[in-house]
Amino acid sequence: MLPPMQQLRIPTPAVPRNRTTSKQERKATGLVESGRLHLSLSNASFTEFERTFLERQQAWLRAARAPPERLAIKRRTAEDILLGAHGRECTWKEFSRALRRTEKLGYDNVGRQAHVACLFAMTANQFPDQADRARRKLDEAERRVLLLRRDHPTRMELLEEISHIRRKARWKAPARRTS
């Protein structure tokens with residue numbers, strides 16, 4: 001007869017603490033901390049929001065081990081600040097500063113680029129003189145998304161979000177090239 005399940009001791013293999021695992025843990029910790037920071041600053045002015053995120057970025061950069069990790073931290077912080085600028089309905093001077101920061105650092109992937117373009121396009125009513133630039137940025141993001149494989153897991157979601165933003169702004173889709 002077999003012993004009861006509680007008495008069976010099956011050794012579990014030890015998970016090695018290699019760089020990949022610790023890097024993933026640091027990334028997850030940074031994302032959680034970033035989310036908590038967003039919540040704690042929900043009633044803060046944009047100036048305070050931006051200052052706090054830039055201060056936290058310095059701490060995150062000190063903990064980073066490699067240049068690609070530092071660049072990813074800077075990109076995520078810039079996107080967080082842009083999101084904060086959008087949510088606080090800032091002046092164009094403040095919003096454009098946050099937008100320039102994200103454009104200067106580039107994007108980790110097409111999804112991040114589409115997200116930034118959508119945020120910018122949603123400000124078209126707030127900054128009507130920037131509507132053409134926002135539309136061009138949205139069109140460029142859509143072109144990049146269309147280059148993804150048809151079976152890419154986020155392709156349809158990104159295209160739907162872009163078309164939703166375009167409908168809200170009452171912009172027509174750009175003409176498709178046929179060749």
Side-chain angles (χ1 to χ4, degrees), residues 17-145 148 154 157-158 161-162 164-166 168-169:
R17 297 282 297 168
N18 59 24
R19 281 183 57 187
T20 306
T21 304
S22 92
K23 186 178 185 180
Q24 289 171 345
E25 288 170 0
R26 283 194 314 275
K27 183 177 180 181
T29 302
L31 292 176
V32 169
E33 189 175 349
S34 171
R36 287 183 181 149
L37 203 52
H38 265 284
L39 289 175
S40 69
L41 295 169
S42 60
N43 295 324
S45 68
F46 176 70
T47 306
E48 183 182 345
F49 182 89
E50 183 179 36
R51 182 177 35 79
T52 305
F53 262 92
L54 290 174
E55 287 170 0
R56 286 306 307 147
Q57 175 183 300
Q58 292 306 312
W60 292 328
L61 289 173
R62 282 190 295 274
R65 294 186 180 161
E69 194 176 349
R70 287 183 190 81
L71 180 59
I73 289 168
K74 288 178 182 178
R75 285 174 172 166
R76 284 298 159 107
T77 304
E79 290 171 18
D80 282 333
I81 292 170
L82 182 66
L83 186 60
H86 175 264
R88 284 165 178 75
E89 297 187 8
C90 295
T91 64
W92 172 247
K93 182 179 177 182
E94 293 167 326
F95 187 84
S96 66
R97 184 175 63 233
L99 182 63
R100 274 193 313 273
R101 185 181 287 125
T102 60
E103 290 172 337
K104 179 181 151 196
L105 292 168
Y107 309 99
D108 289 336
N109 57 49
V110 177
R112 305 307 308 166
Q113 180 180 5
H115 177 69
V116 169
C118 288
L119 284 175
F120 187 24
M122 288 190 293
T123 66
N125 291 337
Q126 190 178 352
F127 309 117
D129 53 327
Q130 298 297 321
D132 288 340
R133 182 175 167 210
R135 183 177 178 167
R136 285 191 306 271
K137 196 162 186 61
L138 193 66
D139 291 345
E140 174 61 27
E142 184 180 37
R143 279 191 291 277
R144 296 280 312 272
V145 170
L148 294 173
T154 60
E157 181 183 337
L158 293 170
E161 183 64 24
I162 289 170
H164 173 74
I165 299 295
R166 188 171 276 128
K168 280 181 73 174

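For CD of Glu140, the number of neighbouring non-hydrogen atoms (other residues, nucleotides, ligands) closer than 6.0 Å is greater than 12. A 6.0 Å sphere centred on NZ of Lys74 holds no more than 12 heavy atoms belonging to other residues, nucleotides or ligands.
Rounding to the nearest 0.5 Å places NE2 of His115 at 5.0 Å from CG of Leu83. The CG atom of Leu61 sits 9.5 Å away from atom CD of Glu69, with the distance rounded to the nearest 0.5 Å. Between the CD1 atom in Ile162 and the CZ atom in Arg143 there is a gap of 10.5 Å [rounded to 0.5 Å]. To the nearest 0.5 Å, the span separating OG1 on Thr102 from CZ on Arg100 amounts to 10.0 Å. Separation of atoms CD (Glu161) and CD (Glu142) is listed at 12.5 Å; rounding is to 0.5 Å. Of the inter-residue distances, the one linking Leu119 atom CG with Ile165 atom CD1 reads 8.0 Å to the nearest 0.5 angstrom.
Looking at heavy atoms from C-beta onward, Arg112 lies in side-chain contact with Arg76 at the 4.5 angstrom threshold. Using a 4.5 Å heavy-atom threshold, the side chains of His38 and Asp80 count as touching. Residues Asp139 and Arg166 are in side-chain contact: their nearest non-hydrogen atoms beyond the backbone lie under 4.5 Å apart. The shortest side-chain heavy-atom distance between Arg56 and Glu33 falls under the 4.5 Å cut-off. With contacts defined as side-chain heavy-atom distances shorter than 4.5 Å, the pair Ile81/Gln57 does not qualify. Side-chain contact between Arg144 and Tyr107 is absent, with no heavy atoms from C-beta onward closer than 4.5 Å. Residues Val116 and Lys137 are in side-chain contact: their nearest non-hydrogen atoms beyond the backbone lie under 4.5 Å apart.
Using bins of under 30°, 30° to 60° and over 60° for the plane-to-plane angle, the ring pair Phe49/Phe53 lands in the tilted bin. By the 30° and 60° cut-offs, the orientation of the rings of Phe95 relative to Phe127 is tilted.
A salt bridge between Arg88 and Glu94 is absent, with no side-chain N of the basic residue lying under 4.0 Å from a carboxylate O of the acidic one.
Results of the side chain to side chain contact (heavy atoms under 4.5 Å, CB included) test with Phe46 over Arg97, Glu89, Arg51 single out Arg97 as the only residue that passes.
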Practice task
Would you please test Glu79 and Asp108 for side-chain contact (heavy atoms from CB on, under 4.5 Å) and show each step?
Solution key: CA-CA 11 Å; Glu79 290 171 18; Asp108 289 336; 5.6 Å; no
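Contacts of Thr154 classified as side-chain hydrogen bond (donor to acceptor under 3.5 Å, both in side chains), with partners at least two apart in sequence or in another chain: His152. Contacts of Arg70 classified as side-chain hydrogen bond (donor to acceptor under 3.5 Å, both in side chains), with partners at least two apart in sequence or in another chain: none.
Here the shortest heavy-atom pairing between Leu105 and Arg75 reads O-NE, 2.8 Å. Between Ala114 and Ala141, the shortest heavy-atom distance links the atoms CA-CB, 3.9 Å.
For residues 116-134, the pairs satisfying side-chain hydrogen bond (donor to acceptor under 3.5 Å, both in side chains) are Glu103-Arg133, with sequence neighbours left out.
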